[in-house]
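Structure first, commentary second.
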Protein chains: 2
Amino acid sequence: MRIGELSTKTGVSVRALRYYEEQGLLAAERSESGQRHYGDKAVDRVRLIQQLYAAGISSASIREMLPCVVTGVASPQVLAKLRGHRSSVVKQIEDLQDTLRQLDSVLAGAVKSHESGVPCAPD
Amino acid sequence: MRIGELSTKTGVSVRALRYYEEQGLLAAERSESGQRHYGDKAVDRVRLIQQLYAAGISSASIREMLPCVVTGVASPQVLAKLRGHRSSVVKQIEDLQDTLRQLDSVLAGAVKSHESGVPCAPD
DNA sequence: CCTACCTCTGACGTCAACGTCAGGTTTCTA
DNA sequence: TAGAAACCTGACGTTGACGTCAGAGGTAGG
């Protein structure tokens with residue numbers, strides 16, 4: 001498939017896909033004329049990349065760990081980094097769960113207070 | 001306390017604290033000479049701000065919701081936004097848990113493979 | 001009173017992950 | 001075989017949350 005199709009299939013912009021290639025995260029075959037062509041596995045790879053980005057992992061780190069994620073084989077150094085990212089992700093989850101509790105307590109309290117007719121400024 | 005102390009107590013840079021004030025997130029008394037002075041509650045407020053930032057909430061949204069989080073009272077509009085942020089946080093958590101599973105499966109497989117002596121490139 | 005450190009207000013710099021535009025080539029469709 | 005649509009390579013623009021620097025004034029200890 002060409003870049004446009006990969007873009008619609010993944011929901012990731014064409015620009016972003018080119019950026020991933022620029023960063024060494026996503027390789028592409030090139031046709032005679034220079035157009036990018038991707039296999040079906042590219043869809044999963046793009047989703048994986050997005051997932052790692054969402055976990056706050058940088059391009060450089062992703063570049064390091066991607067081949068290992070794909071092959072399932074890693075050197076001790078990469079393994080250590082993976083563990084580091086893992087604990088970072090765990091911490092992010094915990095922090096977000098804290099935030100969730102905060103929001104929930106506000107929502108619970110706010111509904112009550114609003115029922116009793118003391119609204120906060122809308123703006 | 002002055003800004004430096006608040007900075008060390010919270011681990012947030014002096015620049016960031018000034019930025020929070022600029023964004024209307026953190027008020028400060030001013031001494032005659034114009035220096036900022038904070039009460040003890042500022043520490044918690046700064047932590048709360050950081051928590052909301054970590055949840056991917058923008059300065060503008062935080063500014064809207066902060067008084068309501070503090071007073072526990074919100075208008076219907078703000079309430080709706082809070083619910084929106086809540087579900088966004090829930091989704092973030094779910095995504096991160098997915099990522100965690102990915103990382104774990106990689107780590108499990110990688111360790112095995114490494115034991116069998118086929119390491120991936122460290123660089 | 002001196003000195004070392006803290007704080008102030010601008011104002012420009014940074015960084016990552018793209019967005020967007022220009023100007024040109026390639027591919028599909030009628 | 002048009003011409004629209006998709007693609008290409010630069011290259012500059014954007015955004016948010018600060019970093020950093022300059023130049024000037026405030027403050028606490030000896």
From D/dT27, C/dC8, C/dT26, pick the nucleotide closest to the side chain of A/Gln35? C/dT26
Here the distance between atom P of D/dA28 and atom CE of B/Met1, to the nearest Å, is 15 Å
Gap between atoms CG and P, on B/Leu52 and D/dG16 respectively (whole Å): 17 Å
B/Arg63 side chain to B/Gln23 backbone, donor-acceptor under 3.5 Å: yes
Given C/dC6, C/dT9, C/dA17, the nucleotide with the shortest approach to the side chain of B/Arg2: C/dC6
Atom CD1 of B/Ile3 to atom C1' of C/dT9: distance rounded to whole Å? 12 Å
Can A/Arg30 and A/Gln35 be counted as having a side-chain donor-acceptor contact under 3.5 angstrom? no
Could you pick out which residue, B/Ser33 or B/Ser58, lies toward the 5' side of DNA chain D when each is mapped onto its nearest nucleotide? B/Ser58
Expressed in angstrom and rounded to an integer, what is the separation of A/Gln51 atom CD from C/dA17 atom C1'? 18 Å
Check whether any side-chain heavy atom of A/Tyr53 lies under 4.5 Å from a side-chain heavy atom of A/Ser58, and answer yes or no. no
Phosphate OP1/OP2 of C/dA16: any A/Ser59 side-chain N/O under 4.0 Å: no
When the distance from CG of A/Leu26 to P of C/dA17 is rounded to whole Å, what number comes out? 15 Å
Could you check whether any side-chain N or O of B/Thr10 sits under 3.5 Å from a backbone N or O of B/Leu6, counting only pairs where one atom can act as donor and the other as acceptor? yes
OP1, OP2 of C/dT26 versus side-chain N and O of A/Ser31: anything below 4.0 Å? no
Got a donor-acceptor contact below 3.5 angstrom from the B/Arg45 side chain to the B/Ala27 backbone? no
Check whether any side-chain N or O of A/Ser7 sits under 3.5 Å from a backbone N or O of A/Val12 as a donor-acceptor pair, and report yes or no. yes
Per the under-4.0 Å heavy-atom filter, residues of residues 13-24 of chain A near DNA chain D come out as A/Arg15, A/Arg18
Between C1' on C/dC18 and CG on A/Leu25, what's the gap in Å once rounded to a whole number? 13 Å
Rounded interatomic separation in angstrom, taking CD from A/Gln50 and C1' from C/dA17: 10 Å
Taking only side-chain N and O atoms of B/Arg30, does any of them lie within less than 4.0 angstrom of OP1 or OP2 on C/dT9? yes
Are the side chain of B/Gln92 and the backbone of B/Ala55 linked by a donor-acceptor contact shorter than 3.5 Å? yes
Quick one: A/Glu32 CD to D/dC8 P, roughly how many Å, whole number? 15 Å
